[in-house]
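The structure under discussion appears below in the form of structure tokens.
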Protein chains: 2
Amino acid sequence: MAKQKIPAMPSIRRLPSYLYIVQQAHQINQEYISGTVIAQELKLEPIQVRKDLAITGIVGRPKKGYPTTELMNAINRFLGWDTIQPAILVGAGNLGTALAGYEEFRLHGINIFAAFDAEKKKVGTSIHRIPVYPLSAIDKQVKKSGAKIAILTVPSEHAQEAANLIIEAGITAIWNFTNHKLNVPDHVVVQKEDLSSGFAILSVMMRNRDQ
Amino acid sequence: MAKQKIPAMPSIRRLPSYLYIVQQAHQINQEYISGTVIAQELKLEPIQVRKDLAITGIVGRPKKGYPTTELMNAINRFLGWDTIQPAILVGAGNLGTALAGYEEFRLHGINIFAAFDAEKKKVGTSIHRIPVYPLSAIDKQVKKSGAKIAILTVPSEHAQEAANLIIEAGITAIWNFTNHKLNVPDHVVVQKEDLSSGFAILSVMMRNRDQ
DNA sequence: TAGATTGTTAATCGATTAACAATC
DNA sequence: TAGATTGTTAATCGATTAACAATC
């Protein structure tokens, strides 16, 4: 569904930051990490960390904490980041190019294998080793690969038409980096990423501090 | 303060999307726009839109809605986006370069006048007409310009040292695009932008839908 | 005027936090 | 063992939603 009730959205948002901490602990060969320590690191309440981690199904050990390897696996499994998923990039502009080069996405199972752009001069080139195709090639590429995920980084004015195009081709999950609220059928999920929202928070924090 | 209580964070997050809608209405010469219409556009509840807009101080007119020009001004003023603020970009990699080229930030009053990078081969070049300096030039450039805002896009491993450097130079607001939770003194505000969080939500929505 | 829309006050809902028994 | 930490159940807090009088 376009807007689906998913349990404990704020908790899910925090999971990646826990994963980051746990991975660091794992790398220096720590066998266990406690919710208390994770909380300290992120300046959260320990009880919140424990509650959040519980949704992944991980079981900790009193006095020791959570086994780092198991916890990493539990979070990755819960988020579906333990399987590699083909994904397309629609819009090979500044932001699209940056995201295409974001190595970390690989750790989340995202494999961007094709990019698409309306600009003719970009077609045939490649960004971070990912070939850029014309928009007309979307249908074929999506069907051939079975990709379900698209990262949408076209100019906001063209967001809806681009969305229509990729949904038609078979995309069912859109990571939307445009300002446009997309109209999509019920079987398509959309996550709207809004950089302006983050800056709005920073702006208000600045003003509040300065009176 | 590092973590400051700011009123109605979720409301503030939604303001930029309202602004986007209102700007569109304004462009096609609509004199008024109602909370009902904004809500429809964004698939929100009208009452939520009205409550959110109230924090900007805007006063609407029964039956007509909100005057578009006044509403744009009210939101921009509330967010402090009506004044131009000098800002620096720390880390001229993929993401940094993309953000430097993000024209929309200009509408939010952000004026990125200098970028800094640890890589010698980048120093002396420019990204989207913004000159790239070595990290050692931060102090001078920040003091000269009086910049308070920094966009942090260095690799996560170097986030804390870079933060220390810019805070030392006089930066008091950091838009943090790294995975690292920064340790900062009380007078510095930080907004952590986490792309992974957004993808976590999308991932779970996909899994929920598919059972 | 009639009725759509605002803004206020109250009710509901969900997330965070607190308390505490269980446990290794 | 003693005590740090987990996980559960209950209390609090804040955000969303509902109800409705005011108004142009």
Take the protein atom CG of B/L44 and the nucleotide atom C1' of D/dA18, then report the distance between them rounded to whole Å.
-> 17 Å

Ring center gap for A/F105 and A/W175 short of 6.0 angstrom | yes

Using whole Å, report how far CG of A/L53 lies from P of D/dT5.
-> 15 Å

Does A/T56 use its side chain to pair, donor to acceptor, with the backbone of A/I75 at less than 3.5 Å?
-> no

Would you say the side-chain atoms of B/S145 pair up with the backbone N or O of B/P86, donor to acceptor, closer than 3.5 Å?
-> no

Side-chain N or O of A/Y32 less than 4.0 angstrom from OP1 or OP2 on D/dA4?
-> no

With respect to the side chain of A/K63, which nucleotide from D/dG7, D/dT17, D/dG3 is positioned closest?
-> D/dG3

When pairs are called at under 3.5 Å and a stem needs at least three consecutive Watson-Crick or G-U pairs, the stems of DNA chain D are C:3-24 with D:3-24

Side chain B/R209, main chain A/T172, donor-acceptor under 3.5 Å | yes

Of the candidate nucleotides C/dT5, C/dT16, D/dT6, which contains the atom at the shortest distance from the side chain of B/S34?
-> C/dT5

D/dT16 base / B/K51 side chain donor-acceptor hit below 3.5 Å | no

Whole-Å distance between C/dG7 P and B/L71 CG?
-> 11 Å

Search all heavy atoms of A/A98 against all heavy atoms of B/N94 and return the closest pair with its distance.
-> CB-O, 3.4 Å

Find out whether the Lys NZ or Arg CZ of A/R207 is both under 6.0 angstrom from the six-membered ring centre of B/F78 and within 45° of the ring's axis.
-> yes

Over how many whole Å does the gap from B/I33 atom CD1 to C/dT6 atom C1' extend?
-> 15 Å

In whole angstrom, give the distance that lies between atom CE of A/M9 and atom C1' of D/dA15.
-> 14 Å

Determine: side-chain N/O of B/R14 to OP1/OP2 of D/dT16, distance under 4.0 Å, yes or no.
-> yes

For B/Q48 and C/dT6, give me the distance from atom CD to atom P, rounded to whole Å.
-> 14 Å

Which whole-number value in Å describes the distance from A/E45 CD to C/dA15 P?
-> 18 Å

For the student: nearest non-hydrogen atoms of A/I112 and A/A100, plus distance = CD1-CA, 4.1 Å

Take A/I47 and B/R61, find for each the nucleotide of DNA chain D with the closest heavy atom, and name the residue whose nucleotide sits nearer the 5' end.
-> A/I47

Nearest-nucleotide wise, let me know which of B/G60 and A/K64 is further upstream toward the 5' end of DNA chain C.
-> B/G60

For A/D52 and C/dG14, what is the distance between atoms CG and P respectively, to the nearest whole Å?
-> 17 Å

